[in-house]
Structures are given as structure tokens and as C-alpha cells.
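For reference, the structure is listed below as C-alpha cells.
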Amino acid sequence: MIDLKYIRANPELIRKAIKNKNEKADLDALLKADEERRSLQYKFDNLKAQQNTVSQVIASKKRAKESAADEIAEMGEVAAEIKSIQTDLSKSNTLVEALLLAIPNIPQADVPIGRDESLNEVIRHEGELPQHDFPLKDHLDIATINSLLDLPRGAKISGSGFPIYTGFGAKLERALINFMLEYHIQKHGYTELMVPLAVNRKTMTGTGQLPKLEEDMYHIDEDDLFLIPTAEVPVTNIYADEVLQYKDLPQKFVAYTPCFRREAGSYGKDTRGLQRLHQFNKVEMVRFVLPEDSEAALCEMLQDAEDILKAFGLHYRVLSLCTGDLSFASQKTYDLEVWAPGSQKYLEVSSVSNFGEFQARRANIRYKDAEGKLRHLHTLNGSGVATPRLMIALLETCQQADGSLKLPDVLRPWLELKI
RNA sequence: GGAGAGGUGACCGAGCUGGCUGAAGGUGUGCGCCUGCUAAGCGUAUGUAGGUGAAAGCUUACCGAGGGUUCGAAUCCCUCCCUCUCCGCCA
């Protein structure tokens with residue numbers, strides 16, 4: 001969340017950010033509620049101060065075995081007034097909190113302004129465009145020829161969007177996950193975490209999925225738990241309500257998890273094969289850094305994600321998301337889109353974002369700086385990368401005329417493990 | 001799921017027959033002093049958040065969370081959460 005003092009001091013800046021991000025947070029309501037809250041707080045403080053003072057008097061009289069009946073009678077009225085103001089105050093606090101949680105992060109100055117993804121800025125292309133001298137199949141045809149997937153049965157047991165990987169398909173999926181994990185661990189210095197896949201409401205609020213995206217998530221009513229839409233949520237929240245030492249920063253974590261998304265509102269869009277799923281696998285990187293280091297960390301993490309695509313020899317492009325396509329919590333995001341030659345389109349496989357102190361404020365993650373002052377650290381995360389579209393690009397890029405596959409050599413050790 | 005025990009400041013740990021406790025004592029840490037080394041000793045300081053103020057300061061809240069009783073609650077009552085031990089059930 002944004003510092004309320006900052007919002008008070010820079011309302012127009014916030015208003016612009018909300019507009020550029022196509023959010024519908026009610027800034028005016030927030031400012032008004034904040035003012036009301038402060039005025040109630042002022043009244044409350046004064047009455048409390050009076051009560052505290054007189055309580056001292058009552059206490060000392062009682063100790064001296066004197067009567068304090070007058071004071072107690074007088075305080076009866078004050079107590080009633082305090083109680084009533086306290087009710088209003090706590091309502092007011094709840095309201096301010098709710099409105100504040102709906103204010104999105106402010107895009108960084110170098111983020112292109114635009115209303116939707118069509119205005120994202122293509123920064124560069126990387127990797128060779130694959131050359132094939134035969135008609136290309138798309139990933140679903142290739143998967144069928146090689147018996148890699150069983151989507152109908154996945155749909156039968158769960159619903160569409162819940163894939164079954166079969167035989168070599170399952171092994172390949174597992175190989176991709178393990179390769180990426182080890183790559184980030186060994187070459188990029190991340191520490192691996194295995195984390196809960198169901199998290200509570202507070203955790204979902206900490207990273208910014210709640211309150212906005214409740215409809216997009218699977219919810220377990222019985223325990224009020226949500227299935228994670230990304231490992232970002234549990235990993236970033238590991239330090240919620242904690243204070244780290246500045247010497248302990250930066251910290252870099254990588255986690256593989258399945259991700260669950262209801263994809264409400266996107267039915268019928270890009271649904272063929274593995275393009276859009278309710279459950280998919282992803283290797284996610286998360287960093288906790290000093291505020292002054294977050295911009296450099298963002299570039300580094302982008303490289304970390306790109307290294308995976310390069311290792312597979314895939315063609316891809318790097319986008320800087322425009323304000324309208326930026327997520328609620330992000331202040332700057334790069335997307336990686338990999339080329340799927342059979343489908344003839346670029347597919348998003350990674351999103352690398354700097355959240356500044358936005359998430360750290362929500363989740364209350366702080367660090368003690370060299371002077372011993374408490375400050376909010378900065379958080380970042382990036383997919384490194386999501387498997388389904390990576391699989392699409394690999395299958396379509398590595399296909400041969402007969403539909404068989406010639407996969408990158410780097411995957412060999414992972415596919416030929418012997419026991 | 002059942003029965004007990006417990007959740008206090010960076011940490012350990014008192015208080016829990018309501019008022020003098022933002023919280024003893026200890027450890028740790030900062031600063032100063034003392035001591036010809038290491039160690040020890042002495043003094044002093046050391047929470048977070050909100051409001052107000054140029055600042056010093058003043059003030060409010062916070063002893064797991066939320067309610068309640070009371071003029072007044074870390075202390076009494078209720079609900080919930082979490083941890084530990086034992087039992088049950090089950091990967």
C-alpha cells in the first residue's frame with residue numbers, strides 16, 4: 001500500500017496513477033474518511049488523556065483511604081462518551097484501511113503510459129527465429145502425436161484447464177521444472193523454498209491479490225484459505241510482520257509450485273491446448289532488497305529469466321508493460337514473450353516486477369538500516385519461468401517434419417536419468 | 001477431534017488477590033567513565049505506531065487477536081487464533 005501521509009501530501013499524483021492504471025479506487029472517499037478519522041482520533045485522545053489524569057487522582061485518593069465518589073461520577077460520563085467515540089473511531093479506521101488497500105501502486109516514471117496491452121513497449125528481440133522447411137504443426141498436434149497430454153481426461157476429472165501430462169510429457173514437464181530450479185539455484189544463487197499452496201486471507205492481502213482479485217482465486221470456504229495463483233504470494237509473505245537486518249539483505253528465493261487461477265472473465269480466449277490453464281506449474285523468483293538496490297535487482301532478475309529461454313535456444317521478445325497493463329501492486333514490469341512458430345504468436349512466459357515498498361508496507365516487512373532506523377524494504381519477483389507456454393514454444397520450435405521432437409541438449413541429462 | 005499448559009519489549013523472564021507497570025530483573029546493544037593487554041567493573045541510554053508541533057516536546061494506543069465488565073485491565077469474563085504435551089484419527 002501507499003503511505004497515507006504521502007497520499008495526503010500528493011493527492012494529484014495518486015489520482016493520475018489510478019487513472020493511468022485503469023483502477024477505480026476512490027481517492028476522494030479515502031481523503032474524506034482519513035480526515036474524519038483524524039478528527040475522531042483527536043477527540044478520543046483528549047478524552048482519554050482526561051480519563052487517565054483523573055484515574056490517577058482516584059487511585060491516589062483510594063490509597064489514602066479518601067472518598068473519590070465525585071471523580072468516579074464525573075468519569076462515568078466521560079467513559080460513556082469515550083465508548084461512543086471509540087465505536088465511531090474503529091469504524092472509521094476500518095473504512096480508511098479498506099479504501100487504502102484499494103489504492104494501487106504508483107507506476108515508475110519510466111513506465112510507458114497507455115491504456116492497455118497494445119501500448120506495451122517492445123524493448124528488444126532475442127534469440128534466432130527458428131527456421132523450418134516443412135509445414136508446422138501446433139503444440140497440441142505435436143502433443144497428440146507423441147502422447148504427451150491427455151486433456152479430455154483432465155477435463156473429465158476436474159474440468160477444462162486442468163491438464164494431465166502423460167508418460168514422456170510428464171517427464172518433460174518435470175525436467176523443465178528441475179532444470180529451471182537448479183539453474184537459478186546454481187547459476188544465479190537463489191535459495192530454494194517449498195511452500196504452502198493454500199494461504200490465508202492476510203497473506204493474500206500482503207502481496208496485493210486481495211481485495212481486488214478475490215474472484216480470480218480458488219477459495220476453500222471451510223478454512224477461509226486460497227489456493228495460490230503464484231508462488232510470489234507465500235514466498236514474499238515469509239517475512240510478513242518481521243524486521244530484518246540491513247546486513248541480511250538482499251535475499252533471493254526460488255520456488256517451484258503449481259499455480260491455480262480461475263481465469264474468471266477470460267473464457268474462450270486463447271484456450272487451445274496449454275495456452276490458458278486453471279492449474280499450471282511455475283518456477284518463481286522472489287527478492288527482498290534494500291530500496292536503493294531494487295532497480296538494479298529488477299534488471300538482474302530479468303536476465304535470470306532470460307537465461308532460461310536462452311538455454312533452450314528459444315526466440316523471444318522483451319516488453320516493458322505500459323501503465324494500463326501493469327498489475328495492481330507493480331511499479332514496473334517486464335514481460336518475456338516466447339515465440340511459438342506453430343501458432344505464429346508470442347506467448348507470455350514470464351513477468352518480472354518491482355513492487356518497491358508497496359508489498360512490504362502491506363505485509364509489514366521492514367529492515368533496520370545502518371542507523372538503526374526501521375524502514376520498509378523493497379520486494380521483487382519474476383517467473384523463471386511458467387511451464388505451459390514454455391512447453392508450447394519448445395514443442396513447436398523443436399518439431400521435425402514427422403512430428404517427432406528434437407529437444408535441446410541441455411535437457412538431456414534431465415530426461416535420461418538412470419536409477 | 002478430545003484433555004491439559006502456555007502466548008509479555010531484540011531475547012530471556014517477573015507481574016496476572018485490577019490503579020503508583022510501557023511494563024521489575026537479567027541478557028544483548030549504544031554512549032560515557034574506569035582499568036597499562038583479554039576479561040571484568042561503574043554510570044547512563046535503548047520499543048512500535050498514530051495525532052499535534054519548525055523543533056524540543058506533549059499526547060494516545062499497543063503485554064497473541066477481537067469483544068465485554070469497570071471510573072480505571074497485561075491483570076477479571078467471553079470468543080477466536082497460534083505454540084507445546086498427552087490421547088484419538090490418518091498420509
Side-chain angles (χ1 to χ4, degrees), chain A residues 1-9 30-101 103 194-206 210 219-226 234 237-249 258 357-377:
Chain A
M1 73 180 94
I2 310 287
D3 185 2
L4 190 50
K5 284 184 200 156
Y6 184 83
I7 296 178
R8 238 180 256 150
L30 172 62
L31 292 171
K32 183 159 165 280
D34 174 47
E35 207 161 299
E36 275 169 18
R37 197 207 75 211
R38 277 187 293 162
S39 133
L40 283 168
Q41 181 76 49
Y42 180 75
K43 286 182 198 159
F44 178 79
D45 285 357
N46 283 330
L47 287 168
K48 262 294 190 181
Q50 187 190 348
Q51 186 181 63
N52 288 344
T53 316
V54 179
S55 280
Q56 301 290 333
V57 175
I58 295 172
S60 63
K61 282 202 169 184
K62 290 237 166 181
R63 253 176 276 129
K65 308 276 191 240
E66 292 171 29
S67 164
D70 290 351
E71 285 83 357
I72 289 175
E74 180 196 348
M75 282 304 101
E77 291 168 34
V78 174
E81 206 175 336
I82 286 175
K83 187 168 271 183
S84 123
I85 288 186
Q86 190 163 30
T87 308
D88 294 344
L89 184 58
S90 95
K91 274 187 204 148
S92 188
N93 277 324
T94 308
L95 179 62
V96 170
E97 179 82 350
L99 290 166
L100 184 58
L101 285 174
I103 304 284
M194 291 199 97
V195 295
L197 306 181
V199 303
N200 60 32
R201 200 166 274 281
K202 180 171 182 284
T203 299
M204 277 298 180
T205 307
L210 288 180
H219 183 250
I220 302 159
D221 291 334
E222 192 74 34
D223 302 296
D224 198 20
L225 292 174
F226 296 86
N237 276 285
I238 59 171
Y239 288 133
D241 294 318
E242 292 192 35
V243 176
L244 307 183
Q245 298 302 319
Y246 73 96
K247 294 191 205 80
D248 298 334
L249 297 172
E357 63 171 36
F358 189 80
Q359 293 181 328
R361 251 180 208 286
R362 289 186 157 233
N364 191 27
I365 308 171
R366 295 175 295 175
Y367 73 98
K368 204 167 249 186
D369 69 15
E371 281 84 53
K373 288 193 69 171
L374 289 176
R375 308 179 58 177
H376 292 279
L377 50 72

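It should be emphasised that the depicted structure is a prediction, and the values quoted were computed from it without experimental measurement.
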[N] versus [M] - spacing of their [atom1] atoms, nearest Å:
N: A91(B); M: G4(B); atom1: P; result: 28 Å
N: A23(B); M: G13(B); atom1: C1'; result: 12 Å
N: A74(B); M: G9(B); atom1: C1'; result: 12 Å
N: G30(B); M: A40(B); atom1: P; result: 14 Å
N: A3(B); M: A61(B); atom1: P; result: 37 Å
N: G67(B); M: G72(B); atom1: P; result: 16 Å
N: U8(B); M: A24(B); atom1: C1'; result: 12 Å
N: C82(B); M: U17(B); atom1: C1'; result: 29 Å

Pick out which of L30(A), I103(A), L31(A) makes a side-chain contact (heavy atoms from CB on, under 4.5 Å) with L4(A).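 Only one of L30(A), I103(A), L31(A) forms a side-chain contact (heavy atoms from CB on, under 4.5 Å) with L4(A), namely L30(A).
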Who does [N] pair with, Watson-Crick or G-U, both distances under 3.5 Å?
N: G18(B); result: none
N: U52(B); result: G57(B)
N: C34(B); result: none
N: G9(B); result: none
N: A3(B); result: U85(B)
N: C63(B); result: none
N: A74(B); result: none
N: U46(B); result: G28(B)

Keeping the roles fixed (side chain from S39(A), backbone from E35(A)), state whether a donor-acceptor pair exists under 3.5 Å. no
Please check if the side chain of T87(A) supplies one atom and the backbone of K83(A) the other of a donor-acceptor pair under 3.5 Å.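 Checking the backbone N and O of K83(A) against the side chain of T87(A), a donor-acceptor pair under 3.5 Å is found.
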Consider the side chain of R63(A), meaning its heavy atoms from C-beta on, and name the nucleotide among G72(B), U52(B), C20(B) that approaches it most closely. C20(B)
Select one nucleotide: of U48(B), G51(B), G19(B), the one nearest the side-chain heavy atoms of S55(A).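 Out of U48(B), G51(B), G19(B), the nucleotide with an atom closest to S55(A)'s side chain is G19(B).
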Lys/Arg N to Asp/Glu carboxylate O, D45(A) vs K48(A), below 4.0 Å: no
Does a side-chain N-to-carboxylate-O contact under 4.0 Å join K61(A) and D70(A)?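 D70(A) and K61(A): not salt-bridged.
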Tell me: [atom1] of [X] to [atom2] of [N], nearest whole Å?
X: R375(A); N: A49(B); atom1: CZ; atom2: P; result: 13 Å
X: N364(A); N: G50(B); atom1: CG; atom2: P; result: 11 Å
X: D224(A); N: C80(B); atom1: CG; atom2: P; result: 16 Å
X: Q56(A); N: C20(B); atom1: CD; atom2: P; result: 6 Å
X: D70(A); N: C71(B); atom1: CG; atom2: C1'; result: 12 Å
X: R201(A); N: C80(B); atom1: CZ; atom2: C1'; result: 16 Å
X: N200(A); N: C81(B); atom1: CG; atom2: P; result: 13 Å
X: K373(A); N: A49(B); atom1: NZ; atom2: C1'; result: 14 Å

How would nucleotides 54-69 of chain B be written as a contact map, 5' to 3', with B for base contact, S for sugar-phosphate-only contact and - for no contact, using protein heavy atoms under 4.0 Å? -----SSS-------S
So do L100(A) and I7(A) actually touch side chain to side chain, heavy atoms under 4.5 Å? yes
Do L377(A) and Y239(A) come close enough that some side-chain heavy atom pair is under 4.5 Å?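 Contact flag for L377(A)/Y239(A) side chains = no.
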Within the pair R8(A) and G51(B), is there a side-chain N or O less than 4.0 Å away from OP1 or OP2? yes
Distance below 4.0 Å between R366(A) side-chain N/O and U48(B) OP1 or OP2: no
Using a 4.0 Å heavy-atom cut-off, does K368(A) contact any base of the nucleic acid, only the sugar-phosphate backbone, or nothing at all? nothing
Between G372(A) and K5(A), which is nearer to the 5' end of RNA chain B once each is assigned its nearest nucleotide?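 Here G372(A) is the residue nearer the 5' end.
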Both R37(A) and M75(A) contact RNA chain B. Which one's nearest nucleotide lies toward the 5' end? R37(A)
Does any donor atom in the side chain of T203(A) or N200(A) lie under 3.5 Å from an acceptor atom in the other side chain? yes
Is there a side-chain contact (heavy atoms from CB on, under 4.5 Å) between Q50(A) and E81(A) once you walk through the steps? CA-CA 12 Å; Q50(A) 187 190 348; E81(A) 206 175 336; over 6 Å; no
How far does CZ of R361(A) sit from CZ of R366(A), to the nearest 0.5 angstrom?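 Reported value, rounded in 0.5 Å steps: 10.0 Å.
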